Structures are given as C-alpha cells and as structure tokens.
Asks: 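Here it is: the structure, laid out below.
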Amino acid sequence: MTTTEPLPTETEAEHPALAIDGLEMSYIVRGTPRAVLRDVSFEVRAGEAYGLVGESGCGKSTTAYAALRYLPGNGRIDAGRVESGGQELTAMSGRELREFRAQRASMVFQDPVQAVNPVLKIGKQVAEAFKVMGQSNSEAHASALAALKRVRIAAPESVMDRYPHQLSGGMLQRVVIAMALACEPTLLVLDEPTTGLDATVEAEVLDLVRDLRSELNSAILLIAHNLGVIRTMCDRVGVMYAGRIVEEGTVDEVFDNPSHPYTKGLLNSIPRRGLRKTDRELFAIPGSAPPIGASLPTCTYIDRCPIATEICRTDVPPIVDRSDGHWTRCHHADRISDVPEPQEVTVEYNVGTEQVIGVDGVSKTFRQRGNDIPALVSVDLGFAEGETLGLVGESGSGKSTLAKTMLGVHAADEGGAITLRGRQMAGKATARVEESVRAISMVFQNPDSALNRSWTVRRILHRSVVKLTGVKGAAANKRVEEIATAMQLSPRHLDMRPRQLSGGLKQRVAIARAFAGDPEVVVCDEPTSALDVSVQAAILNLLAGLQNEERTSYLFISHDIGVVRYLADRIAVMYLGRIMEIGSTATMFNGTNHPYTEALLSAVPSVDGIAEARIPLMGAIPSPANPPPGCVFHTRCHRAIEGLCEVTEPEMVELSAGHSIKCHLSVEQLNESVHIDPSAVLAVAIDVPLT
Amino acid sequence: MSETSDLPNGEPARSVGERSLVTSERSAKNQIRREQFRVLYRSPGFIFGVLIVGFWVFAALWPSLLTSDGPKEFVEAGPRVKPGSEAWLGTNKTGWDVYARIIYGARPILIVAPIATAMAVIVGTMLGLVMGYYRGWADEVLSRVIEAILSIPIILMAILVVFTFGRSTPVIIGTIAVLFVPAITRTIRSAAIAESNLDYVMSAKMRGESGLFIVSREILPNVTGLVVVELTVRLGYAVFTYATLAFLGFVGSNITDADWGIDVSQNYEQIVRDIWWPSIFPAIAIASLVIGVNLIADSIDKALKS
C-alpha cells in the first residue's frame, strides 16, 4: 500500500525514539499568541520510561501532544524540532504523519471512557487498530484477541463481544492500552493514564504497564501530576514549570536529591513518609503559577523562589550538572539547602471527649426502577469536638452518600439517627431547626461548581453569614471580613468573582463559606483532589489550623491515603455502604488491618520509592443493588475462608480500644503474610453482568 | 460556560473604584472581557450586522432624513418606472417611490419584532428557570405542552390566532411572543437543569434558601449570556415571522401602508410582466434585516465562547 520503507534497524538504535529539541510552542487565545512551551529539550531512548511532572498548566500535556505533532487548531510551533527515530515530525507531510502515528507511535489518554466508541463492540474497535495496519478482517480479529490476552484480560472472547459501558474503568484502560500496542509502537505516550481511576484500579493499570515494559522495546513518555506514579514507573524524570524543564535526572536522583527550588518545594508539599499534622506543617509554595503566555524572560520560577537573588532577574539561569545525567536550571543550585524547611508544629491537637455529632445505625436505601439499592447499611460513627475522621474507600463505596445524609440532602431510612449533642436531628435539611442547619456544613470537591460564578466573594460569604447566623448590616460585613482574614484571603479578594481567583483561592472561599455559620462539623468531600499539590498543602495547613482554633470536627473524605493520614485522627474504611474498619490513624497504619484496608493501603504508589508487596483487588466493586451474600467483600478478598465468608456476614469486632474491624479472621490469621502475583490477579475473569 | 456569564451586562458598580487597583487577577479579568469585546468589534460579521441593523433602525426613527418623498406620495416619474435616475429603486404600479416605501416600511417591523421578542424572552426565561429548577410533574406537563406547541407550524398558529382576535399591532405582537415562548423555555430550561446540578445550588439548599431566591438570585445571573444570545437569535425569527404574516395579509388595516411584507404581496404578481423592482427590493430589505440580526447573534455567541 505504501512506498515508505521501514527504517533500517541500525538507525533506530542510533536515534532516540523521541528527541525534542528546543521546542517553543504557543496557543492563540482570543487572537493573541501565548507561549506555553519555552525551549523544551529532552530525549527518550528505546526501552526507557521518561516521566514529566509538574502542576496543571505547566505544559506537560502540550509536550505529550507535540511528541506526536497532534496539536489543537490554535497551537503553533514557533521553534525547535521533534524527532522520532531520526525522522523529523515537524517536517512531515500530512500523509507521512498519518503513517507515523499508525505504525510507530501510540497515545493513551486520561479518560478511557472517552477514548473508546460507546456504540461499537470492544472486539471491533481493537480489530480496527490492526486493520489500519493492513490486516484482513479475520487476521485483525485474531490479532485483537491476542492483544486483549496480552493486556491480561482473562476471558478475551467474552470481552470482545461487550460494549464499553459493560466494562469497568480499569478494564477499559487495559483495552485502550491493547489498542495502543497494536502497532508495536516505538514510542508510547501515556497522558495521565490513571488520573480518573480509583487507587486500586490505578495500581492495576500501572502493574500492567510495568509488566509490558519488559516485553516491549518501546520508549514510554509518561505524563502525570502524581509524583508517586512517576517514581514507581519511570527511569528518568523531567520536572516542568511554566513551560520549561527545570530539572532532569533519574527518578531516584531527582526525588531524593532535588536540586531545583521548585522540585524541592513540590516534594515538601506532599505528606511523605507517614507525615502527620502533629509533626509539621506542609510546605506550601507561595504565590501561584504564572498563566500561559506570561512574559518570563529569565528564570520562570523567580516570583515564587525563596532563594532568588538579583542575578535571577537579569540572567537566564544556566544548566548546572549535578551528577551524571542529573541537571538543574538554576543560578543557585549549590545553595539549594537554603530553601527553608517547613515549620515544625508546636501546637497540640486536642481532641475533645464529648461526642458532638453521632451517626447511629444510619441506613439509606435508594429506590430505582422498583429495586431497592442499599447505599448505606447501618453506619455507626461519632465525632468528638475538634476531631478529624478520615473516610476512605473506592468510588461507589457510599462515602458521598454518607456525607449527604448527614447534611440532610436526603433523609436517612427509618430506624437510624443522626444526633447533635445527643438530640436527634430531622432527616431533611429543610425540616431541621436552625441550630442543626448551622451545625453541619460542607466543603465540596470542585470549587468551580461549589461557588456561584456570578457572585462576588463578598456576596457569597455575606449571604451565608446572614442566612446562618442571623447577623445583619455592619456586623455581618465585619464578620465577612473576619472570616476572610482567617482564611488568609486579602480584602481585595472580596470584591472579585470566583473565576478571577486561582483554584486554591477559590477553595479558600469555599472553606470560608463553610465556616460562616460557626459549624460543629465540616464535611470535606475530597477538598484538595482538584488542586495541585503545592496548593493542596496550603489548604491542608489551613484546615488543620482552623480546626485547632475553632474546635471544629471534620469528616474528611479522600481517596488520597497520604493526605488522610496527615490530617485524620481516626480513619474509617467504607465498602459497599458499610464501615469495614475504624480506628485511630496510628493503629490503622501500624496494626492489623481488615483485608480490604490492607489492599487499599498497598495500592498507593509511593513517592519515597519504597516498594511494598502489593495486594491487588480482584475485579470491580460489586453493584450496591446486588451486594454479595455473607461478607460483602468476600468476592475480592485475598484471605476469604471458603464456606464461611460467603455465608455469614461478620460482626464488628473490637481488636483494641477504638479499633474495630468487620471480619471473621483472627488477628493471627490477618497478620500472616500473603503473596499474590499481580499478573495472576490481572487475569481474573470479569464478572460484570451482561445487562 | 463559565466565561459566558458576565459579559453582557457590564455591572456599573465595579468600574469606578477598580481602576486604581492594579492587581494581576483584576487586570486578567478585565483583560478577558476586553479581549472578548475586541474579538466582537473586530469580527467582520459583527460590524456588517451592526451597519445593516443600524441603518434600518435609523430609517425607522427618522425616515424623512433618508428620503424626501413620502410613502404615499405620487412622484413625478409616474408609475412603473424602472430603477434609474428618476427614482433609484423605481416606482410601483400606483406611482409611489419604492425606495421611500422601503424606508418608511422599516418602522412597523422594527416595532413589532423587538417588542414581541423581548416579551417572549422574559416569559420563556422565567418559565424555563422554574421548570428546570423544580422539575417534577409541573415540568413534565409543561414540557409536553411545549412539545405540542412546537410541533404545530408557527405560521399556521399565527394565522389562526390573528384570524380569531383581529389584526391590530398588539395582537400581532402578542401572537409572535406566545409562539416564541416554547423554544426559549426549552433552551433556558436545559441550562437551568445543568446549573441546578452544580454544588452551589446544593449549598444554597443546605443553608435553607427559598426556591425563589435560588432561581432568581443564584441561577438567573449564570444564564444571562444564554438569554442574550437567545434574544438576538429570536429577533431574527420574529422579523421573519412578521414579514410572512404581512405578506399573507394578516397585518395592518390598510394594504396601502408602507410595510415590506405587504409591498411584496401587493407587487409580486407583476414579476411575470418584468416589473420586478416593487417586490424584490422590499424582499431584499427583509432578508437584509434578518441577516444583519443573525450576524450580530452569531458574533456575540462566538465572542462569549472565546
């Protein structure tokens, strides 16, 4: 079909799979070109995994797309070259480029659901990837089957006949990877391949990619904002800031011995090595990242850098070699130790003894098309004054339903009770007395959705103050200013609208609003998951500080175990609407765990690079409409006892004071080590019912 | 979506004290708005649309400044004169100047169409917001009613109504307004549903706000961009509908009145006798106004989305 000769293998060996050299790019927004990439250069060799990290808007994804010259209509390459195996992409014709993308390069996107066609069967879509390569229908079908086997899908024949909506997110991402590998690419670009997935599914996908790396000789370019993912997956890493790579080296060198103030700031801002709020504050990088197109003639990080001097403003920083292959773009690489360390915390966190809010035997059943769906099953929780209760679990485990039931968005089933200082509250918020409405407030996951974008910050806060406390006039204005100050918002922010604020500032406004009525409990539903890590640090510090002053209790919902560990005094683990384990943070991380907790904890990719034996979870979380009999977790449990767990539902057993688990196994049995080969589990048959 | 909200009504309160504040966020915000306006002002479609519509508005307001002849004045040239130096768009069979009649004919259409559209947008927005926020059985019933109305051809409905209630200007305005309400309601309703699913609405419910407050203060300001677009788009349709009704003879009390639609209907039969100018020129006037309004609508939509 095509006359293009495949390149001789010796040139492949000579040339890196991807070489980006001095790439400058801009986007044209409302008629003006805005710089996004500034002199980006790096190489990915065959068989190597190269990671790009950085905060949102730093140009990671643009670089990924540029690697395949796959740019949006308003993107423009101003200078520089992109080469793959010695061929220059920037000079290719449309047809050559098509050929290149079909035969030699592949990309995996963030959301697998959007990457597949919902109306075509999986088999047909995977086969299409092979047909593009010139295979006949029957050949392509056979190849598709083999491709699905290769990504460890156990019953590939049955998966071929399914539609995308019948597969779980992790399964779909594996299908997408299978398609990406169809052409045996020399270059595989993964753009945040696990960002939308649960931690357990993320671990599953990462395991697969790691496994495949040994089979393939592809060069991998992995884009991720999660430092842990990069650390566990890549050989070398480039740290990007405002469209420029500021530091590059092997992952161990860069993460253990950071040499750029930005890298150091990033690493200090995440809770690592089991850090707790009682140990020290998190380091929040001051200021915010420059918008795309900002004029940054010298060092891009200058405005936020703690060790910047006059020279940083006048001269472009040189590339300073630190060790073999590890360099940093900084004038003061030798003064990196001058970057201030985060403050030690001296305050005591006192948790009161009196229970403020109690959740006693609360169940919530939704009715859908005549079926009862038990979203919460007799949940017992209690909050002491000034306590943070962390709530973890996969999506679909009922975390948000619990939060909404507490807030009175929907009423709990008959029988359970939500109490405020011992007195029962009405189910619906509209039926609650004013005091109860004030007592519980919420911080939402996404501040863009949580704040009315046509209101000013002042109006948002003022309305909550007036409505919740009944204070009016000058007193209300004064209160608004007080709360704003407590959230470290400056008075000028008050007259702005949400879209004028950065993500972190928006979340501060949302927190300010939650505190407007002087609540007893604030429900924080993933309050930092939409934020970058450096901003997350500031928000976590703020929450910890506020709690200490206001003696507020938090229900802190998060999928990020590190964050929960940092902030929470106690942790509850939910699965299918049931609390499977609850205990103090210390016991949860050092003691015996419920098998589900054990699997959850082992799924987290660690920035510290300490490899732990991962306990994979088999299959997807069952539908709450049809929970498994006996212990709801037995279908995915690696320690399940046949004949017991699938028959009898275990009771909550108290292992030590305040630490309970819902499991049949004894402490001794739970402490026995188990080893499961991850690839064996990846191959477990799917059990999504064909509906 | 988030960027569409506050362009159209530049709140006067903010501009005064704010100039002095030189903060990056502030200027970034103003910059977005400035750039949106710049995109608008620079788009040829917008300029062209404003010129066309501006001309007709001027004609409706001060017709005597654009022509020395009256709409029912017998000009010297006599009847059925071709376009040329004596009468530059010609004269009709009665001997009236076609150009003068077109200039004077701008007024009725530019009275009816904007008023009808404004009324339709006001009612449609209120209905759409309430239905989209409350949902429930009332929404179900009204949605079916809307679908029923939308399934009947607009002109047919208009003819029926005008035939029943008379052809006075208020009836025409009311008819067009009522006929446009369903489409506007449906657009605003879907936007209101999307807004109601956002967390700020849940937050308002949790602090015990009334439904009226949530609809009028929380949701409405966030759909104003859409309302403006809807207003301009519907205006084009209203011009069109009015002209059609006039052509069909359901408008006005006198067929000698200067009105584009009436003029087309009174003169189109003569096209076969090669006297095309008394009907084609008013038809071009109608088309130009519709196109002008649509050009403005498109440009505003595009600028808000940029």
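Each chain gets a letter, A, B and so on, in the order its sequence line appears, and its residues count up from 1. All of these numbers come straight from a predicted model, not from anything done at the bench.
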Asks: Given heavy-atom pairs under 4.5 angstrom as the criterion, report whether the side chain, backbone, both or neither of A/Leu451 touches chain B.
Replies: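 Just its backbone gets close to chain B.
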
Asks: Answer with side chain, backbone, both or neither: which region of B/Arg217 has an atom nearer than 4.5 Å to a non-hydrogen atom of chain A?
Replies: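 Looking at B/Arg217, backbone and side chain both touch chain A.
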
Asks: Step through the shown structure and confirm whether more than 12 heavy atoms of other residues, nucleotides or ligands are within 6.0 Å of CD on A/Glu434.
Replies: no

Asks: For atom NZ of A/Lys364, decide whether the heavy atoms of other residues, nucleotides or ligands shown that lie under 6.0 angstrom number more than 12.
Replies: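 More than 12 within 6.0 Å, yes.
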
Asks: Above 12 or not: heavy atoms from other molecules or residues under 6.0 Å from OH of B/Tyr237?
Replies: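 Counting other residues, nucleotides and ligands, OH of B/Tyr237 stays at 12 neighbours or fewer.
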
Asks: Nearest 0.5 angstrom please: B/Glu195 CD to A/Asn452 CG, how far?
Replies: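 It comes to 7.5 Å.
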
Asks: Tell me whether B/Phe48 at atom CZ has more than 12 heavy atoms from other residues, nucleotides or ligands lying less than 6.0 Å away.
Replies: no

Asks: Using non-hydrogen atoms only, which part of A/Arg459 is less than 4.5 Å away from chain B: side chain, backbone, both, or neither?
Replies: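 When you check distances to chain B, only side chain atoms of A/Arg459 fall under 4.5 Å.
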
Asks: So which atom in B/Gly208 and which in A/Lys467 form the shortest heavy-atom distance, rounded to 0.1 Å?
Replies: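 What the structure gives for the nearest pair is O-CE, 3.3 Å.
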
Asks: How close do B/Asn222 and A/Ser454 get, counting heavy atoms only, and between which atoms?
Replies: OD1-OG, 3.0 Å

Asks: Using a cut-off of 6.0 Å, state whether more than 12 heavy atoms not belonging to B/Phe46 lie near its atom CZ.
Replies: yes

Asks: Side chain, backbone, both or neither: which part of A/Arg432 has a non-hydrogen atom closer than 4.5 Å to chain B?
Replies: neither

Asks: Within the side chain of A/Trp455, is there an N or O that forms a donor-acceptor pair under 3.5 Å with the backbone of B/Pro221?
Replies: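 Absent.
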
Asks: Return the minimal non-hydrogen interatomic distance between B/Ser203 and A/Phe444, and the atom names on each side.
Replies: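 The answer is CB-CE1, 3.8 Å.
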
Asks: Kindly give the heavy-atom pair with the smallest separation between B/Arg207 and A/Val437, and that separation in Å.
Replies: CA-CG1, 4.2 Å

Asks: Using the rule given for side-chain contact (heavy atoms from CB on, under 4.5 Å), can you reason through A/Val409 versus B/Met206, listing the C-alpha separation, both sets of side-chain angles and the distance that settles it, and then say yes or no?
Replies: CA-CA 7 Å; A/Val409 175; B/Met206 285 185 324; 3.9 Å; yes

Asks: Where on A/Ser441 is there a heavy atom nearer than 4.5 Å to chain B: the side chain, the backbone, both, or neither?
Replies: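 For A/Ser441, there is no contact with chain B at all, as no heavy atom is under 4.5 Å.
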
Asks: Name the region of A/Lys428, side chain, backbone, both or neither, that has any atom closer than 4.5 Å to a heavy atom of chain B.
Replies: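 Nothing of A/Lys428, per the 4.5 Å heavy-atom cut-off to chain B.
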
